[in-house]
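To keep things clear, I will list the structure first and then write my remarks on it.
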Amino acid sequence: MIEKHIQAGGCLCGAIRYQISGPMRDVIACHCQQCQKSSGHHVAATRVAMTDFKLNQSTRLKWFHSSRSAKRGFCENCGSNLFWTKEDGSISIFAGTLDQPCGLRLSKHIFVEDKADYYDLTDNLPKFQKNG
Ligand SMILES: [Zn+2]
Ligand SMILES: [Zn+2]
């Protein structure tokens with residue numbers, strides 16, 4: 001968790017830019033099947049309060065409803081995956097879209113029971129079968 005400051009980020013082509021002005025949760029890696037399919041590997045995301053999150057440019061932002069309660073935000077131009085939210089007052093932001101340095105650390109792995117078979121988890125971070 002980082003208390004601070006202003007953190008910016010955006011998609012690969014630059015059409016989507018956002019700004020965070022509050023605490024950011026440490027990064028969690030999610031290995032569920034939806035994250036595999038949408039990201040091409042697994043997702044690593046921080047999370048911030050919606051009140052600390054501001055979209056500066058978003059005309060190319062599209063939302064895909066990946067379940068009844070959650071949706072995923074991506075750039076329709078370059079295909080970058082940026083956001084996941086349940087509209088519960090917070091938003092998960094995919095860590096690779098943060099401008100560097102972001103100062104965060106990977107803290108744990110979740111949904112490891114759904115992990116794809118082509119890689120192993122070799123770090124010593126906590127691992128949870130489902131949502132940790
Ligand atoms: Zn883009
Ligand atoms: Zn996931």
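Counting starts at 1 for both ligands and their atoms, in listed order.
- I20 is listed as a side-chain neighbour of L98, based on a closest heavy-atom distance under 4.5 Å.
- Between the Zn ion (ligand 2) and C30 there is an N/O/S contact shorter than 2.8 Å.
- Counting only heavy atoms from C-beta outward, the side chains of H42 and H109 never approach each other to under 4.5 Å.
- Rounding to the nearest 10°, we obtain 110° for the angle at the Zn ion (ligand 1) between C78 SG and C75 SG.
- Under a 3.5 Å cut-off, the side chain of S92 and the backbone N or O of T85 do not form any donor-acceptor pair.
- An angle of 110° is found at the Zn ion (ligand 2) between C32 atom SG and C35 atom SG, rounded to 10°.
- Taking backbone and side-chain atoms together, H31 has no N/O/S atom less than 2.8 Å away from the Zn ion (ligand 2).
- Among R17, Q19, Q7, the single residue meeting the side chain to side chain donor-acceptor pair (under 3.5 Å) criterion with D99 is R17.
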